[in-house]
Peer 1: 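Quick one: structure below, then a few questions.
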Amino acid sequence: MKTIETVGEMTELAKAWRKEGKQVGLVPTMGYLHQGHLSLAKAAKLDCDIVVMSIFVNPTQFGPNEDYEAYPRDLSHDQALAESVGVDYLFAPQPNDMYPKGYSTFVNVEGVTDHLCGAKRPGHFRGVATVVSKLFHIVQPEKAYFGQKDGQQVAVLRRMVRDLNMPVEIIARPIVREGDGVALSSRNVYLTDQQRQQAVVLSQGLAQARELFIQGERDSEALKKVVTDVIGSASLAKIDYVELVDGDTMASIDRITGKAMLAVAVYFGNTRLIDNLILEVESESCFCS
Ligand code: PAF
């Protein structure tokens with residue numbers, strides 16, 4: 001595996017691969033890799049000739065009072081993990097190479113960013129869409145892999161590639177969880193032991209909602225109530241939102257009639273955790289993941 005540290009070198013490599021007709025898969029990350037990221041790289045390895053993983057803690061997607069400086073970083077550990085799953089190139093640029101002096105172009109995806117994390121973290125998805133479109137231009141992948149844990153991010157990026165005719169297929173992979181159900185996240189490292197124990201309420205609440213859904217419940221208030229009650233049982237949890245939204249537009253819905261996402265964001269101290277569940281009704285059958 002080779003680590004590429006400049007935008008210039010990455011651009012030249014990508015141009016050469018394109019000429020050779022190689023199919024490139026990109027796994028964008030902010031590093032501090034865990035099994036969730038590695039599952040994306042493994043999927044890319046099965047589909048593509050060349051797998052590029054980017055590691056870039058993107059300053060434009062953090063709000064002024066968020067954890068940009070504190071975000072965990074460990075490049076040498078990430079290099080070992082990425083290599084262990086067959087990543088071919090690690091792209092780890094510097095902030096001033098991605099955003100040189102005078103940088104002033106941003107990608108703003110409207111509508112789908114008005115809800116959930118988009119409403120709670122103003123500017124977050126503008127930063128995500130901007131950096132991901134830059135990565136797509138630099139690496140020129142056919143396919144790009146993202147975790148379903150960031151369900152709204154997937155919806156935003158799907159909208160972006162459709163609207164801007166980007167020739168990239170967005171592939172969303174299932175949430176990877178710890179044994180007790182907590183979704184893997186680089187931010188879990190911020191949790192105290194007690195917070196980490198209680199963090200299980202997010203997935204437990206969603207699991208109870210899934211049971212209700214399987215039994216036939218389609219009403220938003222009923223599904224949200226069970227999640228809210230379970231999360232509310234944890235003394236250290238502070239709910240940011242529990243919402244049932246349309247699976248594509250991310251707008252709130254009252255009942256599930258097609259593809260929906262039940263999404264939660266919860267603070268433990270200053271650490272904000274998110275999780276979600278896809279619930280889908282197709283004529284007589286129902287699906288959840
Ligand atoms: O999901 C993430 O880690 C980031 O939002 C991404 C997609 C790498 C963009 O910085």
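In each ligand, atom 1 is the first atom listed, and ligand 1 is the first ligand listed. We count residues from 1, following the sequence as given.
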Peer 1: Does ligand 1 come near enough to Asn58 that some N or O of the ligand is less than 3.5 Å from an N or O of the residue?
Peer 2: no

Peer 1: Pull out every atom of ligand 1 sitting under 4.0 Å from any heavy atom of Thr29, numbered as shown with elements.
Peer 2: 8 (C)

Peer 1: Can Arg73 be said to sit on top of Phe56's aromatic six-ring, NZ or CZ under 6.0 Å from centre and within 45° of the ring axis?
Peer 2: no

Peer 1: Mark up the atoms of ligand 1 that fall under 4.0 Å of a heavy atom belonging to Val131, in ascending order.
Peer 2: 9 (C), 10 (O)

Peer 1: Decide whether a cation-pi geometry holds between Lys134 and Tyr103; the criteria are a distance under 6.0 Å from NZ or CZ to the six-membered ring centre and an angle within 45° of the ring axis.
Peer 2: no

Peer 1: Using a cut-off of 6.0 Å, state whether more than 12 heavy atoms not belonging to Glu110 lie near its atom CD.
Peer 2: no

Peer 1: Closer than 4.0 Å to some heavy atom of Gln61 - which atoms of ligand 1 meet that?
Peer 2: 4 (C), 5 (O), 9 (C), 10 (O)

Peer 1: In the structure I gave you, are the side-chain heavy atoms of Cys48 and Tyr145 within less than 4.5 Å of one another anywhere?
Peer 2: yes

Peer 1: Could you tell me whether Asp248 and Arg159 make a salt bridge, using a distance below 4.0 angstrom between a side-chain N and a carboxylate O?
Peer 2: no

Peer 1: Considering non-hydrogen atoms of the protein only, which is the closest contact for atom 3 (O) of ligand 1, and what is the distance?
Peer 2: Met30 CG, 3.6 Å

Peer 1: Can you list the atoms of ligand 1 that are under 4.0 Å from a heavy atom of Gln153?
Peer 2: 1 (O), 2 (C), 4 (C), 5 (O), 7 (C)

Peer 1: Which ligand 1 atoms are under 4.0 Å away from a heavy-atom of Pro28?
Peer 2: 8 (C)

Peer 1: Between atom CG of Asp49 and atom CD of Glu142, what is the distance when rounded to the nearest 0.5 Å?
Peer 2: 8.5 Å

